[in-house]
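Since the structure comes first, as C-alpha cells, the remarks are kept for the end.
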Amino acid sequence: MLRKTEAFSLSSESLSQIFDSFPDGIIVIDRDFKVLVWNHRLIYWSKIEAQDIIQSNLLDHFPHLNKPQIIKRIQGIFQSGPPVILSSQIHQYFIPCKLGDGNRIQHTIITPLKLKEYDHPLAMITIQEVTEITGHINKVKNLNEELKREIEARNLYETQLKEEADYLNFLYKMSSVSNEYIDLDKALSESLSVAGNLIDWPIGHIFLMDESRSYLQSSRIWHLPESLPQGFEHFKETTENSRFHTGVDLPGKVWEAQASKWIEDVLDVKGFFRFETNGSFNVRAAIGVPILVGERVRGVYEFFSMESQKAQPKIIDLLEIAGQQIGRILERSDHQKKLIEERDRADKESHHKSEFLSRMSHEFRTPMNAILGFTQLMVRDKKATLSDKHKMYLNKVLSAGKHLLQLINDILDLSGIESGNITLEIEKVDLPFLVREVIDIIQPLADKKQVSLETEFYTDQNIRVVADKLRLREILLNLVSNGIKYNVPKGRVTVSVLRGSKKGVLVKVRDTGMGISKEKQVSLFQPFDRLGLETSEIEGSGIGLTITRQLVAAMQGHLEFTSLEGQGSCFFFELPGDNFLENLPESTRPRENEISENSKSYPSILENKRILYIEDNQSNIDLLDGILKTYFPNFELRVVKTGREGVNLVKGWKPDLILLDLSLPGKTNGFQAFEELKQTTDESIPIVALTADAKDRSQKKARLMGFDGYLKKPFDPDIFYKLTKEILLRMP
C-alpha cells in the first residue's frame, strides 16, 4: 500500500511539473474528489497554495460544487464518459475571486485522464482563460458584420451606378438616334429598339397621330425578338389594321389621359379588344407611353410581355423620356418637311420671278435697242443738220438710255445672284491683259471726269487667275467706274495686281475721291442705298457694289474695303491664282493692238459682203440697216423673219455672215435655227446671236453650240462693228 502511494506521489509530482508549464488552470481529482494536481496557474488565480489543497477533498474547499447535476456530470468522467463542457459560470466555483479588471472570461472543460497506476479514470478539470480569444472572436464578428454592411452598401452603390450608367447610355443612344438618322422611319425604329432593349420587353410598336389629329394610326414600325411568339402574326395584323380614337384600347386611353398606362395583367382588365381577341398570342402585360411634342400628343408607343409584370415607376420614367425624345424626332421631321415645302415654294417663286424678269428683260431690251441704237446713229451722223440744242438733247437721251439699261442689267444680275441662277464660266484669265482692256473701255469716262488711270503689276510674268472672265471684267469695270465717278477733278484711280497669300492674286482699286464716312460704311453693300447721293448728279442705282461683292464671293473671293472721308477709298479682293506657271505661247496670248493693226486694210476686205439677218422686229431690222450703212462701205443685206425662212434662203444663197435673233416666232427658235443652218450651209459661215435674252445660261448654251459671237440687245454700234469686223477678217 505504501509503495503504491509513493509510486503515485512520484507520478503526481511528474504530472504537476508537466501541468505547471500549461497556461491553463489544471486540476486532477480521483473518484473520491481528492485533489491530485493543482498547477501554478490555479495558484496564481486562486491564491491557494498546492500543499494546502493537494490530497484533500475538492468539495471541502468548494462545497457549492456539491450539487447533484454537477456531481452527476463529473462522475460520468470517472466512468470513461465523454468530455464535459461546463457552463461559463462554473469556473467561478473554482476561482471565487475576480481576476484583473473583473471582466475576465474563463472556459471549463472536464476530461477523463487514464493512468496505469489507477484502475479507473481520473478527472482532469481544465480552466482556460478565453478573454482575448473571445475578444478576437467578437472583433472578427464585428468586422464580419461591418464587412457585410459594406458589401451590402457596395452592392447597392454598384446597382445604383449600373442603373445610372444604363440611364446615361440610354439617353446617349436616344440622342444619337435623333441626330444620326435623317429617315424618319429608321429614326423611330431605332428609338423603339433602344427603349425595348433597356426594359427588356420583347415586343414594341408605334402608333402615330394622323394629320387631321382625329385618330391614332398604326405604323409598320416594330421592335421584335429573333423568334416570334406563337400566334403573334394574327395580333400584328390586327394591330396594323387598327386606328384608335381617344379613349379606345390602350393607345386611345394613353391619348385621352396624356399619360402612360401600365397593365400588369391583361386578363384582369376589360375594354382592350386586341388582347381579348388575340387568339393564341399569350400577351399578359402591356405598357402604353405618349409621344409628346410640347404638351401635344403626336403618337403612342407600346410594349408587350408574355408574363405579368408589376408596375415599376423607374421604367415608366425612362419610357416617358424616350417618348419625349421620339417627339423631338417627329418635331424635327415636321420642321424639315416645312423647310422642304418652303424651299420648294421659294424655288417655285424664284423660278416664276426669274421667268418674269427674263420676259421683262426681253420686253425692255427690244425697245431699248431701238432707242439707243437710233440715238447713237444720229449722234454719230456727221451729215445730220442738227442744231447744237438738238444734239444736246440727243446726248441726254443717250445718257439716260444707257443709265436705264445699266439699271435693268443690275436688277437682273442681282435677281439672278440671289436666286442662285448665276452661271460661271471658270477659266484661267490673263489678269494684266484684262485690266488693260478695262482701262481702255473706261478711259473716255476718266477723261470726261479729268481723272487719271494708273496700273501696277508685281511681276512681268503672266499673272493668271482662276475666274469667270466676263464676270471679272464686270467687277473691275464697276470698281474702276465708281472710283472715277466719286473722285475729285484731277484725281487718280490706281488698279494694282499684287501677290496674295500662297498662290492667290490680290487686286486693289484705289481712288483719291471723297471717301465714305464711318457712319455710312455699314450700309455700303445694301442694295439701292446710295448713301445720301440719291439726288446728286452722279449716276448710279445703288446695286453695283452689292452685285460686285456677290460675284467675287461666287468666284471664291471676298471683297473688302478701307475708306477715309475726304481722302479716298480702296476696294480689294483676292482670287485663286495660276501665276507660277510658265509663260503661255505668244500665239495664245491676246494682243491689245491686234484689231487696230489689221484695220488699216479693212475697206477692201469688208466690201461687198453678204449679210443675212433673221429677225422679226422691224425696229431692230431698221436699226441694223442703219448701223451697216454707217460702218460698212458696201454690203448686201437680206432679212427674213423666221428661222425656217432663213434655212430655206441659205440653200440657194451663201451669205458671208448670219445675224440671228434667238427669240423667233414659229416652231423654230434661234437655237434650233442655228443647228439647221449649220447642217445646211458651209461650216465656215459665221453666225452671231443678236438677242434680248440676257440670261447667263443662254449665253453659255450659245457658246457651247458654236456661235461665233453673242451680242445682247441693246448693243453699242461700235461694239457690233468691232465684233463683226473681227469675225469677217478671220474668214479666208
Side-chain angles (χ1 to χ4, degrees), residues 166-199 201-224 235-236 238-263 272 274 286-304 314-346:
D166 291 342
Y167 172 72
L168 293 176
N169 187 47
F170 165 73
L171 291 181
Y172 170 74
K173 287 184 177 179
M174 291 297 295
S175 176
S176 298
V177 167
S178 63
N179 292 324
E180 291 177 3
Y181 291 91
I182 298 176
D183 182 82
L184 176 61
D185 286 349
K186 287 184 178 179
L188 293 178
S189 178
E190 187 65 22
S191 298
L192 191 66
S193 294
V194 170
N197 293 332
L198 176 72
I199 65 174
W201 283 39
I203 296 173
H205 177 251
I206 290 181
F207 279 86
L208 295 175
M209 192 73 68
D210 80 309
E211 293 184 358
S212 65
R213 288 185 47 78
S214 57
Y215 59 85
L216 287 166
Q217 176 67 54
S218 172
S219 71
R220 297 295 187 268
I221 299 172
W222 290 85
H223 167 67
L224 299 173
F235 178 81
K236 181 173 181 286
T238 302
T239 299
E240 290 185 348
N241 292 329
S242 299
R243 60 172 62 175
F244 296 118
H245 295 277
T246 179
V248 180
D249 209 88
L250 179 59
K253 292 185 182 299
V254 172
W255 178 15
E256 181 180 47
Q258 296 192 23
S260 301
K261 186 171 184 62
W262 185 304
I263 302 175
F272 299 92
R274 283 185 300 159
I287 309 171
V289 183
I291 299 172
L292 298 175
V293 175
E295 297 181 355
R296 182 165 56 95
V297 175
R298 279 295 313 277
V300 171
Y301 75 100
E302 51 188 10
F303 283 100
F304 306 104
K314 286 185 178 180
I315 288 181
I316 294 176
D317 290 344
L318 289 174
L319 291 179
E320 288 180 347
I321 291 173
Q324 295 172 4
Q325 192 65 38
I326 296 174
R328 292 189 182 96
I329 294 173
L330 293 174
E331 186 177 28
R332 186 189 67 182
S333 176
D334 292 343
H335 182 64
Q336 289 176 339
K337 188 181 297 183
K338 288 181 180 179
L339 287 178
I340 292 172
E341 291 174 353
E342 291 175 1
R343 183 199 64 192
D344 292 343
R345 183 169 59 252

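Atom set for the values below is all heavy atoms of this structure, side chains included, hydrogens, waters and symmetry mates excluded. Quick caveat: nothing in here was measured; it's all calculated off a predicted structure.
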**Q.** Criterion side chain to side chain contact (heavy atoms under 4.5 Å, CB included) on M209 and V300, from CA distance to verdict
**A.** CA-CA 8 Å; M209 192 73 68; V300 171; over 6 Å; no
Q: Given side chain to side chain contact (heavy atoms under 4.5 Å, CB included), test L330 with L184 step by step and report yes or no.
A: CA-CA 8 Å; L330 293 174; L184 176 61; 3.9 Å; yes
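In this structure, the ring pair (Phe, Tyr, Trp, His ring centres under 6.0 Å) partners of F207, at least two apart in sequence or on a different chain, are H205, F244. Legend: residues meeting salt bridge (Lys or Arg N to Asp or Glu O under 4.0 Å) with R220, ordered by chain and number and at least two apart, are E240. For I221, the side-chain contact (heavy atoms from CB on, under 4.5 Å) partners at least two apart in sequence or on another chain are D185, L188, S189, L192, I206, S219. Among residues two or more places apart in sequence or in another chain, the side-chain contact (heavy atoms from CB on, under 4.5 Å) test is passed with D317 by E320. Residues satisfying the side-chain contact (heavy atoms from CB on, under 4.5 Å) criterion with E342, sequence neighbours excluded, are L339, R345. Considering only residues two or more places apart in sequence or on other chains, W262 meets the ring pair (Phe, Tyr, Trp, His ring centres under 6.0 Å) condition with W201. With sequence neighbours excluded, no residue forms a side chain to side chain donor-acceptor pair (under 3.5 Å) with K261. For the side chain to side chain donor-acceptor pair (under 3.5 Å) test, no residue two or more places apart in sequence or in another chain qualifies with K338.
Between I199 atom CD1 and I287 atom CD1 the span is 4.5 Å, to the nearest 0.5 Å. Atom CZ of R298 is separated from atom CG of L216 by 10.5 Å, given to the nearest 0.5 angstrom. In this structure, CD in Q258 is found 11.0 Å from CZ in R296, a value given to the nearest 0.5 Å.
Exactly one of Q325, E331, Q324 qualifies for a side chain to side chain donor-acceptor pair (under 3.5 Å) with R328. That residue is Q325. Of the candidates V289, I315, L319, L319 is the only one forming a side chain to side chain contact (heavy atoms under 4.5 Å, CB included) with F303.
Between A259 and P290 the shortest heavy-atom distance is C-CD, 3.8 Å. Contact detail for L250 and A286: the closest heavy-atom pair is CD2-CB, 4.0 Å.
For residues 243-257, the set of pairs meeting the salt bridge (charged side-chain N to carboxylate O under 4.0 Å, His left out) definition, not counting sequence neighbours, comprises D249-R274.
In this structure, the side chains of I329 and S191 come closer than 4.5 Å at one or more pairs of heavy atoms.
Remark: the backbone N or O of Y215 is paired with a side-chain donor or acceptor of D210 at under 3.5 angstrom.
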